[in-house]
> 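Handing you this structure, nothing more for now.
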Amino acid sequence: MSRVQLALNVNDLDESVAFYSALFGTEPAKRRPGYANFAIAEPPLKLILMESPGEGGSLNHLGVEVADTGAVGAEQARLAEAGLASTDERGTTCCYARQDKFWVQGAPNGERWEIYTVLEDSQTFWGQDEGQRCCA
């Protein structure tokens with residue numbers, strides 16, 4: 001399974017969760033302080049809402065969620081063959097999940113794209129290293 005991820009900055013998380021719950025007809029799959037994500041079946045979409053007062057309506061980052069670590073590696077190899085550089089982040093904790101992922105470098109307009117798989121849930125937004133900034 002693969003699906004596109006869209007991570008949005010929102011001013012008010014409660015208001016945004018209510019809107020997107022109505023829009024897509026589903027409740028968040030995960031809700032934590034300042035964060036919510038929706039695993040939408042149709043259309044296949046992982047919608048991430050990140051509370052960022054004053055930045056509402058702006059794009060935080062984009063991604064593609066893939067089935068497993070093997071798919072992460074395969075996509076990274078495919079993109080390297082196409083000449084796209086990446087920054088590897090295996091076993092990282094971000095967005096209340098431990099993930100294997102990489103960030104694609106060189107998008108023409110500065111967009112931030114990640115290719116990732118979720119390894120397990122986490123009770124913390126960041127990992128042990130609070131200086132880590134996976135998607136902010």
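Since we're looking at a predicted model, the values are computed, not measured.
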> Scan for salt bridge (charged side-chain N to carboxylate O under 4.0 Å, His left out) pairs involving residues 71-84, sequence neighbours excluded, and state none if there are none.
E75-R78

> Shortest non-hydrogen contact from P43 to F24?
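Smallest heavy-atom distance, with atoms named: CD-CE2, 4.3 Å.
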
> List for me each residue that meets salt bridge (charged side-chain N to carboxylate O under 4.0 Å, His left out) alongside E120, sequence neighbours excluded, and say none if there are none.
R98

> Mind checking whether F38 and S21 have side chains closer than 4.5 Å, heavy atoms only?
yes

> Decide side chain to side chain contact (heavy atoms under 4.5 Å, CB included) for L119 and T69; before the verdict, give the C-alpha distance in whole Å, the side-chain angles of both, and the deciding distance to 0.1 Å.
CA-CA 8 Å; L119 302 172; T69 298; 3.7 Å; yes

> Any side-chain heavy atom of L62 within less than 4.5 Å of one from L6?
yes

> Over all heavy atoms of both residues, which pair between Q76 and S86 is shortest? Give the atoms and the distance, please.
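Taking every non-hydrogen atom into account, NE2-OG, 2.8 Å.
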
> Between P28 and V17, what is the shortest heavy-atom contact and its length?
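The answer is CG-CG1, 3.7 Å.
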
> What residues, two or more places apart in sequence or in another chain, satisfy salt bridge (charged side-chain N to carboxylate O under 4.0 Å, His left out) together with D14?
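Counting only residues at least two positions away or on another chain, D14 forms a salt bridge (charged side-chain N to carboxylate O under 4.0 Å, His left out) with R31.
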
> Once you round to the nearest 0.5 Å, how far does CG of N109 lie from CG of L59?
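Answer for the CG-CG pair, N109 versus L59, is 11.5 Å.
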
> How many angstroms lie between CD1 in I115 and CG in D100, if you round to the nearest 0.5 Å?
13.5 Å

> For the hydrophobic clusters of this structure (ILVMFWY residues joined by side-chain heavy atoms under 4.5 Å, transitively), does one cluster hold both M50 and Y116?
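Result: no, two separate clusters.
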
> Check side chain to side chain donor-acceptor pair (under 3.5 Å) between S16 and all other residues, then give those that pass, not counting sequence neighbours.
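So S16 forms no side chain to side chain donor-acceptor pair (under 3.5 Å) with any residue.
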
> With clusters defined by side-chain heavy atoms of hydrophobic residues (ILVMFWY) lying less than 4.5 Å apart, directly or transitively, does L8 cluster with V64?
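Yes; L8 is reachable from V64 via cluster members.
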
> Could you give the distance from OG1 (T124) to CZ (R32), rounded to the nearest 0.5 Å?
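T124 atom OG1 to R32 atom CZ measures 9.5 Å (nearest 0.5 Å).
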
> Quick one: salt bridge (charged side-chain N to carboxylate O under 4.0 Å, His left out) pairs with a partner in residues 38-58, sequence neighbours left out?
K46-E65

> Minimum heavy-atom separation for A39 to R3, with atom names?
CB-NH1, 3.6 Å

> I need the E114 CD to E89 CD distance, nearest 0.5 Å.
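The distance works out to 8.0 Å.
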
> Evaluate L79 against V104 for side chain to side chain contact (heavy atoms under 4.5 Å, CB included), listing each step before the verdict.
CA-CA 8 Å; L79 293 173; V104 180; 3.9 Å; yes

> Indicate, with yes or no, if V66 and V4 share a hydrophobic cluster defined by side-chain heavy-atom contacts under 4.5 Å among Ile, Leu, Val, Met, Phe, Trp and Tyr.
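In one cluster: no.
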
> Does one hydrophobic cluster hold both L45 and L49, with members joined at side-chain heavy-atom distances below 4.5 Å?
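Yes, because L45 and L49 connect within a single hydrophobic cluster, where side-chain heavy atoms sit under 4.5 Å apart.
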
> In Å and rounded to the nearest 0.5 Å, what is the SG to NZ distance from C94 to K101?
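Rounded to the nearest 0.5 Å, the SG-NZ separation comes to 3.5 Å.
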
> Check N11 against S52 and note the closest heavy-atom contact, atom names and distance.
OD1-O, 3.7 Å

> Rounded at 0.5 Å granularity, tell me how far CH2 in W113 sits from CD in Q105.
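Taking CH2 in W113 and CD in Q105, the distance rounds to 14.5 Å.
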
> Are I40 and V118 connected, step by step, through hydrophobic side chains (Ile, Leu, Val, Met, Phe, Trp, Tyr) whose heavy atoms are closer than 4.5 Å?
no

> Dump the intermediate steps for side chain to side chain contact (heavy atoms under 4.5 Å, CB included) on F102 and V72, then the final yes or no.
CA-CA 8 Å; F102 67 92; V72 171; 3.8 Å; yes

> Taking side chain to side chain donor-acceptor pair (under 3.5 Å) as the test, write out the residues that go with Y35, two or more places apart.
N37

